[in-house]
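Remarks on the structure that follows.
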Protein chains: 2
Amino acid sequence: MRSLDTTFWQVPKASVKNLNKHAALDLIRFSPSGISRIELSRELGLTRAAVTAIVGDLIKAGLVRETNGQSSRGRRAIALEINPQGGLVVGVDIGATHVTFVLADYLAHVIDEIEASLDIFEGPQVCLPFVDQMMRSWLEQLGVKLSQITAIGVGVPGPIVTDAGMVSGPPIMPGWDLFPIREWLEKAWGCPVTLGNDAEFGALGEWAFGAGRGVDNLVYIKVGTGIGAGLLIEGQIYRGTTGCAGEIGHVTIEEDGPLCTCGNRGCLEALAGGRAIAQKAIRAIKAGTRTTLSERPSIETISAMDVIAAARKGDHLSQKLVQEAGYYLGTALANLINLFNPTRIVIGGGVAQVGDLLLEPVRKVAKQRSLKVASQAVTITSAVLGRRSSAMGAVAQAISLSLHQLAEAS
Amino acid sequence: MRSLDTTFWQVPKASVKNLNKHAALDLIRFSPSGISRIELSRELGLTRAAVTAIVGDLIKAGLVRETNGQSSRGRRAIALEINPQGGLVVGVDIGATHVTFVLADYLAHVIDEIEASLDIFEGPQVCLPFVDQMMRSWLEQLGVKLSQITAIGVGVPGPIVTDAGMVSGPPIMPGWDLFPIREWLEKAWGCPVTLGNDAEFGALGEWAFGAGRGVDNLVYIKVGTGIGAGLLIEGQIYRGTTGCAGEIGHVTIEEDGPLCTCGNRGCLEALAGGRAIAQKAIRAIKAGTRTTLSERPSIETISAMDVIAAARKGDHLSQKLVQEAGYYLGTALANLINLFNPTRIVIGGGVAQVGDLLLEPVRKVAKQRSLKVASQAVTITSAVLGRRSSAMGAVAQAISLSLHQLAEAS
DNA sequence: CGCGATTGTTAAGTTACTTGACATTCTTTC
DNA sequence: GAAAGAATGTCAAGTAACTTAACAATCGCG
C-alpha cells in the first residue's frame, strides 16, 4: 500500500510525442562527462531498445555524438555528448551600465567574449542599435557570420513578459516599458532570440555550469547596482504571474529607511545595492571619516567597485560598508529562505566579488533569522562564473532553444 | 520565426504512458459544470477519436459518467463528470487546537462533517488514537464502513517530508518530529493516507473549490493561532527542499520585536497571530483600557476568537488590534508579492473571519510596499470555504489519489 | 581460451495515438 | 416538414513510439 502523494497531472505544453527525445537530449546536455545509453534508459525509465532508437535519431540529426566511455566489468559503455559542431550561439547580458557578449558552441564552450559600457537609461532606440552594431563588428572580427548563429539569448534587468518578448514596468529601465525588444532583435539578427531577466539567466547559468549544478531549488542573487533574484525550480525558471518574481531588491527591510528609486522607503536595494554602498562611502568621506578612498581625485565619482577594491586591500571604512550590506542582505535572505526553502543560494554580481567579506555576515544573519529546518537545508555560496553568470545563462537558454527546435524537426 | 522560449523538458515522474488519461481525468474533475469530449480534445491537443477511446476507458472503469450537455448549433454535446458513486473519501484537518473531519464523494460533495477540540501539544501517541477513535465512531454513526473509504487526506500544521509521510522540525508540534504519521494512520485505517501541511491543503482547497479556482499562482494564508502560507504553482503544491516553503509566520517584521515561539524576535506570528492578538488584548485590559472584553468572567482566558467577536460587534480596542494585525500581515505580504508574484492571495483561518476589518489594512499596506507590476497583478480576498479550506484541500488530495490510482489500473 | 557480466542492437508485437470516413443529433431554412 | 448545414461522437485502418525477447559485441578474469 504505497501512497502516491502526487498532486495533479499537468497537461504538457509541448507535444507529448517527442517528450522522451527532449528529455534524453537534456540528460545528455547536463552530464558533464557524457552519459551512456544504459544510464539514459535508467533515468528515463525506458528500455535499452527504446533509447537506442531515440539516440539514433539524435545522432542522425547531428545533435549528438559518441565519445570514449568508461570501462567497467563488461562491455565498455559508449559515452554520448552534444555535438559541438552543430552550430554556434551567443549570450548577451545587458546590465544597467555594461553589456557582455559570449560566443559559445553547443557544448557551451566559450569561444570568445567581450564587454562594453552602455547606459540603459538611454532607452531601447539608442541601446539596441548599439548592441546590434557591437555584435556585428565583434563577429566580423572573429570571422564568424551571423548566419552561423542558430540562437541568441539576451538578458535584461527587468521583469519579462515571455510571450511578448518585452519588459513590463521595469524599475530601472525607463523608456523600455513594453518596447518589443525580442521582435526588434530577431528582425536585426535574423535568428531566434530568447529574452530573459538577468537574474533569471544568472540562476540558469550557475545551475547549468556553475555553483548550483543540477540543484533542485536554486536562488541566484545578483548584487550589482541594484539587487535582483532569479528563482529556479527543478531547472525551470519561475517568473510568477507578470514576470517579476524574485524582485528581492524592493523588499522592505527598514520601515523608515532611505528612499529607493522605486518610490518606497527602506528597500534592500537602497540599503545594500551598489549605488547605496557608493553613496554611503561618499557621505562618510564628506563627514571626515579616514579612508584610503579619499586619496582619489574626485570623491563624487567613487563607485561601488572602488569601495569593493578598497575593502579587499584592507580599507576599514570600505570593509565596514560591505559588511553592513551583508547584514541587510542576510536579513532579506532569511525571509526568502523561510518562504522559498531553497537548496542553494548563489550570490553573484559585481559587489559579490569581494567574496567572504560579504558572505560571512550574510550567512550568519540568514541562518540566525530563519527557521532551523529551512536554514539547515540551504548552502549560501558565491557565483563560480563570476561576472559571466548571466551571459552563460543566456547561452544555456539559446542552446536549449536551438537543440530542441532541431530535435523537434528530426 | 516563432520563438519557443521554453526552458528545459522534464523527465516526467509518473509513467508517460497514461499521461493523457490522467490529464483528461483532471480536466473533467475541475470543470464544475461538466466538459464534453470535444472540449477535452481541444484542451489536450488530441483528436476526437483519441478522446473517445480515453473517455471510454474511464467510463468502463466507473470513474466518469455522462450527463446532460449544453445545446449549441449542431448535435448536443454530452457532458462528462466524475462518477460520484465510485467511492468515498475523508479529509482531516488537524490544527493546533481543533480537528475537523469532512466526508465527501468523488465529486467533492460534502456528505457530513464534524469538529472536535484537540491539543496538538499532547503528541502523536495521544492525538492519533484520539483521531482514529473519532473517525470510527463518526463513520459508524453515519452508517459508513471504513472499507468504503478509498483514501484519506490528513493536514497537519508542520513542514512535511512527503516521501516519508512525517513532519520534520515543526515549530508548533513538539513530539511529532519524525513520527511516522502516515504509516500509523494507514495501518489503523487500512487505506491510503496522504499527509499534507494544513496551509498547503488550504491553498489546494481554495484552488479546487473556492476563491482561487484554477488560478495560476495561488498563495493561501492561514491566520489562526499561528500564521502559515501554502503556495500553489499551476495547481502543484510547492513544498521547497525540506517541505517548509511558505513559512511566512516566521518572517522577521520588527528587528527587536516580541519574542516568538521559534526563538527569534519580531516574527510575523508573534505580532499578528491569534495568540499575539489575544495576549495584546489581555495586556491592554490589565493596563486599564476600556473595552467590552473586560466584562468577561476571566480575563486570562480571553482568546483570539473572543477578540474577533468583539471587533465585529464594534468594540474599539478589538478593532484596533485586528487592524494592527492587518498592518503587519500586509507588510509581510508585500515582501511575498515581490518575491513570488502571485495571481491571487486568499486569506483564511480563524482570525480571517472578521473579513474586511482585517483585509482593508492588509490590502492597503501590501499594495503600498510592493512593486507596482506585482501589486497590480494580485487580488487579495478572503477564503470562500471558511474554516473548511484545509479539510477540503485534504478531500481534493484524497480524491486525486483515488481517481488516479484507479485510472492507472484500468 | 572460455565464461560471466554488461552494453548495445534487432525484429516482432503492443499501445496510444492520427487520419479520414461515417453516423448521430441538433438548429436553421426553404 | 423535409432538406441543408453544423457540430459532436464513433469506427476502421494506419503509424509512431514504445516493450519484449532474443541475439551480438566487448570487456575482465580465471
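Throughout, protein chains are lettered first and strands after them, A, B, ... in sequence-line order, and every chain is numbered starting at 1. In this text the structure is predicted, and so the values were computed from the model without any measurement.
Judged as a ring-ring contact (aromatic ring centres under 6.0 Å, His included), and not counting sequence neighbours, A:Phe209 has no contacts. Residues forming a side-chain contact (heavy atoms from CB on, under 4.5 Å) with A:Thr242 (at least two apart in sequence, or on another chain): A:Cys244, B:Asn341, B:Ala377.
B:Arg76 places its CZ atom 12 Å from the P atom of C:dT28, with the value rounded to the nearest Å. In this structure, CG of B:Asn18 is placed 11 Å from P of C:dT15, rounded to the nearest angstrom. A straight line from CD1 of A:Ile38 to C1' of C:dT7 spans 6 Å, rounded to a whole angstrom. Look at CG on A:Leu44: it is 9 Å from P on D:dC18, rounded to the nearest Å. If you take CZ of B:Arg73 and P of D:dG5, they are 14 Å apart, rounded to a whole angstrom. One interatomic measurement links the two molecules: CD1 of B:Ile78 to P of D:dG9, which rounds to 5 Å at whole-angstrom precision. In this structure, the CG atom of B:Leu46 is 11 Å from the P atom of C:dT19, given to the nearest Å. To the nearest angstrom, C1' of C:dG8 lies 14 Å from CD of A:Glu39.
For B:Ser36 and D:dT8, the shortest distance from a side-chain N or O to OP1 or OP2 is not below 4.0 Å. A sub-4.0 Å separation between OP1 or OP2 of C:dA16 and a side-chain N or O of B:Asn20 is absent. OP1 or OP2 of C:dT9 sits under 4.0 Å from a side-chain N or O of A:Arg37.
Judged by atom type and distance alone, B:Arg75 reaches the base of D:dT8 through a side-chain donor-acceptor pair under 3.5 Å.
For residues 52-65 of chain B, proximity to DNA chain D is found at B:Thr52, defined as any non-hydrogen atom under 4.0 angstrom from a strand atom.
The OH atom of B:Tyr106 sits 10.0 Å away from atom CD1 of B:Ile82, with the distance rounded to the nearest 0.5 Å. A distance of 11.5 Å separates OG1 of B:Thr194 from CG of B:Leu185, quoted to the nearest 0.5 Å.
Put simply, the side chain of A:Val215 does not reach to within 4.5 Å of the side chain of A:Val346, judged on heavy atoms.
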Please lay out, stage by stage, how A:Thr379 and A:Arg344 fare under the test side-chain hydrogen bond (donor to acceptor under 3.5 Å, both in side chains).
-> CA-CA 5 Å; A:Thr379 52; A:Arg344 193 160 302 167; 3.2 Å; yes
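Comparing D:dT20, D:dC11, C:dT7 by their nearest atom to the side chain of B:Ala49 picks out D:dC11. Distance from the side chain of B:Ala50 is smallest to C:dC17 among C:dC17, D:dG9, D:dC27.
Aromatic ring pairs are classed by plane angle as parallel below 30°, tilted from 30° to 60° and perpendicular above 60°; the pair B:Phe30 and B:Trp207 is perpendicular.
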